[in-house]
**Student:** 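Starting off with a structure, shown below.
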Amino acid sequence: MTKSAEKPAIALSGIMRRFGDRKILDDITLNVNRGELFGLLGPSGSGKTTLIKLVTGIDRADGGQVELFGEPMPQLKMLQTFGYMAQSDALYQELTGKENMAFYGSLYGLSGKALASRIQSAAALVNLTDHLDKPANAYSGGMKRRLSLAIALLHEPQLLVLDEPTVGIDPVLRQAIWNELRALTQQGVTIIVTTHVMDEAEKCDRLALIRDGKLIALDTPEAIIRHAGVHTIEEAFIALGSRKEEQA
Ligand SMILES: Nc1ncnc2c1ncn2[C@@H]1O[C@H](COP(=O)(O)OP(=O)(O)OP(=O)(O)O)[C@@H](O)[C@H]1O
Ligand SMILES: [Mg+2]
């Protein structure tokens, strides 16, 4: 085993991020293990997307370190290792679903039969096979999310970084997508996913709860609920958040 093979998929230590004089992320330290389905849960504006952007190397921290598979970020060569689904879809509206996928696939070095075959399987996974020849601007919001997810999966990355992947997706397909995410982790893929949806959070192996840029809990959903002395993640969130405020 090489040295980097022992390292966690994501290692964040002492992450600080400020915008102006506002501390958006305040001393975030956590690891995401390989093969883990890891959820990032927090209210709107708590800093989830900011943290996700630091993981991908799109943004740089003002303090602390981000490592992917033992490699410091940002680093160009690490782009191949993960698939990223941003909170807002980055699609070419005039291009069809298939053309969007082909474009992004080519950025990852896919071509020919391998590209065609990956497009088919990623599209099938998100139930878009019958819509691949429509332009993206004719897609519904949920279909655009699904296309973005298919693009993130195209090059079969070891790590998936998903920022609210299921917003606008109906409950049946949402369930199917979560089943698929779980199947991917069973093949060794690591997934970090942000969500507002509590039943999704409960499907994660471990959760990081963030509030106002601070980590208020980091554990399995069951342990978080137990330690908070409540019955649901939603209640745990409220209980833990108010305890932190009392301490502050
Ligand atoms: N580039 C920026 N410049 C200034 N402030 C920013 C910038 N990006 C984010 N912020 C601020 O940082 C805070 C955290 O934003 P972020 O997008 O990380 O929240 P979030 O948890 O992803 O919220 P949501 O659930 O609504 O997506 C917000 O107050 C936001 O206004
Ligand atoms: Mg966000």
Side-chain angles (χ1 to χ4, degrees), residues 10-32 37-66 68 73-74 82-91 140-142 144-149 151-152 159-171 174 177-178 181 190-204 206-219 221 224 232-245 248:
I10 303 174
L12 305 177
S13 55
I15 296 293
M16 307 290 288
R17 185 71 177 105
R18 290 185 193 85
F19 289 119
D21 55 5
R22 282 185 60 211
K23 261 191 210 166
I24 303 299
L25 293 173
D26 189 1
D27 197 18
I28 304 280
T29 297
L30 62 88
N31 285 353
V32 178
L37 180 43
F38 188 94
L40 203 54
L41 188 67
S44 185
S46 57
K48 300 182 298 297
T49 297
T50 305
L51 193 62
I52 287 290
K53 285 182 179 167
L54 296 174
V55 168
T56 62
I58 291 172
D59 187 23
R60 242 181 221 272
D62 297 304
Q65 263 136 28
V66 180
L68 297 190
M73 290 296 281
F82 64 86
Y84 169 49
M85 179 177 178
Q87 187 166 0
S88 30
D89 300 302
L91 300 169
S140 70
K144 286 180 185 167
R145 284 317 274 153
R146 282 143 63 193
L147 180 56
S148 298
L149 180 57
I151 288 168
L159 170 65
L160 280 174
V161 181
L162 309 176
D163 199 352
E164 302 203 21
T166 57
V167 167
I169 295 181
D170 68 72
R174 211 155 59 84
I177 287 173
W178 273 84
L181 296 183
T190 307
I191 303 178
I192 182 165
V193 54
T194 73
T195 182
H196 284 288
V197 186
M198 298 294 164
D199 74 304
E200 292 190 345
E202 286 173 11
K203 291 191 174 86
C204 295
R206 282 193 308 145
L207 284 175
L209 267 47
I210 59 171
R211 189 154 160 160
D212 299 329
K214 292 194 176 71
L215 194 59
I216 59 168
L218 173 66
D219 215 325
I224 289 176
T232 65
I233 283 292
E234 195 154 18
E235 288 167 351
F237 204 98
I238 294 163
L240 292 165
S242 51
R243 262 175 233 172
K244 284 275 162 177
E245 272 158 24

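Just follow the structure's listing: the first ligand is 1, and inside any ligand the first atom is 1.
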**Student:** Non-hydrogen atoms of G47 versus ligand 1: any pair closer than 4.0 Å?
**Tutor:**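 Heavy atoms of G47 do come under 4.0 Å of ligand 1.
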
**Student:** So if I apply the side chain to side chain contact (heavy atoms under 4.5 Å, CB included) rule between L209 and each of L215, L240, L40, L218, which one comes out positive?
**Tutor:**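 It is L240, the one option of L215, L240, L40, L218 that forms the side chain to side chain contact (heavy atoms under 4.5 Å, CB included) with L209.
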
**Student:** Out of S44, P43, S88, indicate the one that has the non-hydrogen atom closest to atom 24 (P) of ligand 1.
**Tutor:**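 The option holding the nearest heavy atom is S44.
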
**Student:** May I ask you to check whether over 12 heavy atoms, not counting those of K203, lie within 6.0 Å of atom NZ?
**Tutor:**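 Atom NZ in K203 is packed in, count exceeds 12.
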
**Student:** Counting N and O atoms only, with roles assigned by atom type, does the side chain of D62 sit under 3.5 Å from a partner on the main chain of R18, one being a donor and the other an acceptor?
**Tutor:**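 Looks like yes, one N/O pair under 3.5 Å.
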
**Student:** So, applying side chain to side chain contact (heavy atoms under 4.5 Å, CB included) with L54, which one of I28, T49, L25 is it?
**Tutor:**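 The option that passes is L25.
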
**Student:** I need the nearest protein heavy-atom contact for atom 11 (C) of ligand 1: residue, atom name and distance, please.
**Tutor:**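 Here the nearest protein heavy atom works out to I24 CD1, 4.0 Å.
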
**Student:** At a threshold of 2.8 Å, where the distance has to be below it, does the Mg ion (ligand 2) have an N, O or S atom of T49 nearby?
**Tutor:**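 Yes, since at least one N, O or S atom of T49 sits under 2.8 Å from the Mg ion (ligand 2).
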
**Student:** Does L37 reach the side chain of W178, with side-chain heavy atoms less than 4.5 Å apart?
**Tutor:**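 In short, these two side chains touch, coming nearer than 4.5 Å.
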
**Student:** Can you report which non-hydrogen protein atom sits closest to atom 25 (O) of ligand 1, along with the distance?
**Tutor:**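 Result for atom 25 (O) of ligand 1: K48 NZ, 2.7 Å.
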
**Student:** Below 2.8 Å, can you find an N, O or S atom of Q87 next to the Mg ion (ligand 2)?
**Tutor:**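 So Q87 does bind the Mg ion (ligand 2) by this criterion.
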
**Student:** Answer yes or no: are there more than 12 heavy-atom neighbours, outside K144 itself, under 6.0 Å from its atom NZ?
**Tutor:**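 Correct, the count exceeds 12.
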
**Student:** Short check: is a protein heavy atom less than 4.0 Å from atom 30 (C) of ligand 1?
**Tutor:**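 When distances to the protein are checked, atom 30 (C) of ligand 1 has no heavy atom within 4.0 Å.
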
**Student:** Return yes when atom CD of E234 has more than 12 non-hydrogen atoms of other residues, nucleotides or ligands closer than 6.0 Å, and no otherwise.
**Tutor:**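 Counting neighbours around CD of E234, 12 or fewer heavy atoms of other residues, nucleotides or ligands fall under 6.0 Å, so no.
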
**Student:** Any idea which part of T49 is under 4.0 Å from ligand 1, heavy-atom wise: side chain, backbone, both or neither?
**Tutor:**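 Both parts.
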
**Student:** Looking at atom 23 (O) of ligand 1, what's its closest protein heavy atom, distance included?
**Tutor:**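 Protein heavy atom at minimum distance: G45 N, 2.8 Å.
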
**Student:** Between L160 and Y84, is any pair of side-chain heavy atoms under 4.5 Å apart?
**Tutor:**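 When only atoms from C-beta onward are counted, Y84 and L160 do not touch, as no gap falls below 4.5 Å.
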
**Student:** Could you list the atoms of ligand 1 found under 4.0 angstrom from a heavy atom of T50?
**Tutor:**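 The atoms of ligand 1 under 4.0 Å from a heavy atom of T50 are 14 (C), 15 (O), 16 (P), 18 (O).
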
**Student:** Should R145 and D89 count as an ion pair when the cut-off is N to O under 4.0 Å?
**Tutor:**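 A salt bridge links R145 with D89.
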
**Student:** Report, in ascending order of atom number, the atoms of ligand 1 lying under 4.0 Å from any heavy atom of H196.
**Tutor:**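 It comes down to these atoms of ligand 1: 25 (O).
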
**Student:** Write out the residue and atom name of the closest protein heavy atom to atom 8 (N) of ligand 1, then the distance separating them to 0.1 Å.
**Tutor:**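 Checked against all protein heavy atoms, atom 8 (N) of ligand 1 sits closest to F19 CE1, 3.3 Å.
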
**Student:** Do NZ/NE/NH1/NH2 and the carboxylate oxygens of D27 and K214 come within less than 4.0 Å?
**Tutor:**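 Judged by the 4.0 Å cut-off on N to carboxylate O distance, D27 and K214 do not form a salt bridge.
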
**Student:** Within a distance under 4.0 Å of any heavy atom of S46, pick out the atoms of ligand 1 and give their elements.
**Tutor:**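 Those atoms are 19 (O), 21 (O).
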
**Student:** Output the list of atoms in ligand 1 that are nearer than 4.0 Å to some heavy atom of R22, sorted by atom number.
**Tutor:**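 Reading through ligand 1 atom by atom, the close ones are 29 (O).
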
**Student:** Looking only at protein heavy atoms, which one is nearest to atom 27 (O) of ligand 1, and how far off is it?
**Tutor:**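 Result for atom 27 (O) of ligand 1: Q87 NE2, 2.8 Å.
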
**Student:** Charged N to carboxylate O under 4.0 angstrom, D170 versus R174?
**Tutor:**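 No, this pair does not count.
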
**Student:** Strictly under 4.0 Å, does any heavy atom of K53 approach an atom of ligand 1?
**Tutor:**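 Distance cut 4.0 Å: K53 fails for ligand 1.
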
**Student:** If you measure from each heavy atom of G213 to ligand 1, is any distance below 4.0 Å?
**Tutor:**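 Per 4.0 Å heavy-atom rule, G213 does not contact ligand 1.
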
**Student:** Which atoms of ligand 1 are found less than 4.0 Å from any heavy atom of E164?
**Tutor:**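 It comes down to these atoms of ligand 1: 25 (O), 27 (O).
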
